[in-house]
Amino acid sequence: MGEGEHQEDHHHHEESLMEKIADKIHGHDSSSSSDSDNEKSNDSSSSLKSKVFRLFGRERPVYHVFGGGKPADVFLWRNKKVSAGVLGVATVIWVLFELIEYHLLTLVCHVLILALALLFLWSNASTFIHKTSPHIPKLSIPEEPVLQVVNALRIEINGGLAVLHSIASGRDPKKFLSVIAGLWVLSMLGNCCNFLTLFYIAFVLLHTVPVLYEKYDDKVDSFAEKACFEIKKQYAVFDAKVLSKVLSKIPRGPLKRD
């Protein structure tokens, strides 16, 4: 009699577990449908629009996600000439150092030789033709922009160190594992290509992916929502199969009777 009750309790526990997992799978649909019914009757169209699924939980436009200002203008091609120029310079640098295998010191020396030779010829030619020496402007680096760049780098580095300190403190194991996985993937990419190529690929992606996403964000968000739901569904099915097998192998003692 005790074994029959034990088996019935075991089957009842498995059935309740499967029901919970099924509720977890379909809970998103039921909650979203009930919420949508309530919102249709109570909320306005603006509130409905604010609850649309956005990739990475984005609540602001892509322009504001990049901080606005000149960096966002460059990455989102607000000024096509400037964006194309920046991307072109990065491409030239990558071609020189990666394809032609130029070295930095050699490039700097060759550029200085060419600049000095042109200025020297221009100065002597102007003196010979116009009998006057040309005005060659003096180059100097202003202090304020340098301090602004250094201060911005200091803020970003301190923010990164604060994040590393928070992760190392052990308060968030999920964030710790995600950072470890990200660093491991980055190390694998480092084995495939050098730092300059990796930096250039990231630079090109920053100049192409955000502007394409901003243009087709509704389609991308809709596809991402379906993909996320499908991944959660498959994970729940896998989790259910694993849990059912593990629970079936766990030995259980006799039930206590009151």
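Just the heavy atoms: all of them, side chains too, but no hydrogens, waters or symmetry mates, feed the values below. The chain is numbered in sequence order, starting from 1.
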Would Glu214 and Lys219 count as a salt bridge (Lys or Arg N to Asp or Glu O under 4.0 Å) here? Give the steps. CA-CA 10 Å; Glu214 186 184 34; Lys219 296 180 180 179; over 6 Å; no

Residues Asp221 and Tyr216: side-chain donor-acceptor under 3.5 angstrom: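 No pair is found: no donor N or O on one side chain lies under 3.5 Å from an acceptor on the other.
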
Between atom [atom1] of [X] and atom [atom2] of [Y], what is the distance when rounded to the nearest 0.5 Å?
| X | Y | atom1 | atom2 | result |
| --- | --- | --- | --- | --- |
| Cys193 | Glu98 | SG | CD | 8.5 Å |
| Leu116 | Ser123 | CG | OG | 12.0 Å |
| Leu118 | Leu114 | CG | CG | 4.5 Å |
| Asn194 | Phe199 | CG | CZ | 12.5 Å |
| Glu230 | Lys226 | CD | NZ | 11.5 Å |

Does [X] belong to the same Ile/Leu/Val/Met/Phe/Trp/Tyr cluster as [Y], with side-chain heavy atoms less than 4.5 Å apart forming each link?
| X | Y | value |
| --- | --- | --- |
| Val163 | Ile180 | yes |
| Leu107 | Val92 | yes |
| Leu164 | Leu183 | no |
| Leu119 | Ile113 | no |
| Leu87 | Ile201 | no |

Looking at every non-hydrogen atom in both residues, tell me the closest pair between [X] and [Y] and how far apart they are.
| X | Y | result |
| --- | --- | --- |
| Val74 | Ser83 | O-OG, 2.7 Å |
| Pro210 | Leu205 | CD-O, 3.2 Å |
| His207 | Trp77 | O-NE1, 2.6 Å |

Evaluate the side-chain proximity of Val82 to Asp73: yes if any heavy-atom separation is below 4.5 Å, no if none is.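 The answer is no; the side chains never approach within 4.5 Å.
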
When you compare the side chain of Val211 with that of Lys215, does any pair of heavy atoms fall below 4.5 Å?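 They are not in side-chain contact.
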
Test side chain to side chain contact (heavy atoms under 4.5 Å, CB included) on Asn79 and Lys70 and set out the steps. CA-CA 10 Å; Asn79 191 332; Lys70 293 182 179 179; over 6 Å; no

Please check if the number of heavy atoms outside Phe97 that lie under 6.0 Å from its CZ is greater than 12.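 Yes, CZ of Phe97 has more than 12 neighbouring heavy atoms, counting only those of other groups under 6.0 Å.
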
Please determine whether the number of non-hydrogen atoms from other residues, nucleotides or ligands lying under 6.0 Å from atom CD of Glu156 exceeds 12.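 It does not: Glu156 CD has 12 such atoms or fewer within range.
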
Candidate pair Leu198 and Leu186, rule side chain to side chain contact (heavy atoms under 4.5 Å, CB included), full reasoning: CA-CA 10 Å; Leu198 189 62; Leu186 193 62; 4.0 Å; yes

Does Asn151 reach the main-chain N or O of Leu147 with its side chain, forming a donor-acceptor pair under 3.5 Å?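 Answer holds: no.
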
Take Glu101 and Leu96 through the test side chain to side chain contact (heavy atoms under 4.5 Å, CB included) and record every step on the way to the result. CA-CA 6 Å; Glu101 296 183 353; Leu96 286 175; over 6 Å; no

Can the ring centroids of His110 and Tyr102 be said to lie less than 6.0 angstrom from one another?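 Under 6.0 Å, so yes.
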
Between Ile93 and Tyr200, does the side chain to side chain contact (heavy atoms under 4.5 Å, CB included) criterion hold? Intermediate values first, please. CA-CA 9 Å; Ile93 292 175; Tyr200 177 70; over 6 Å; no

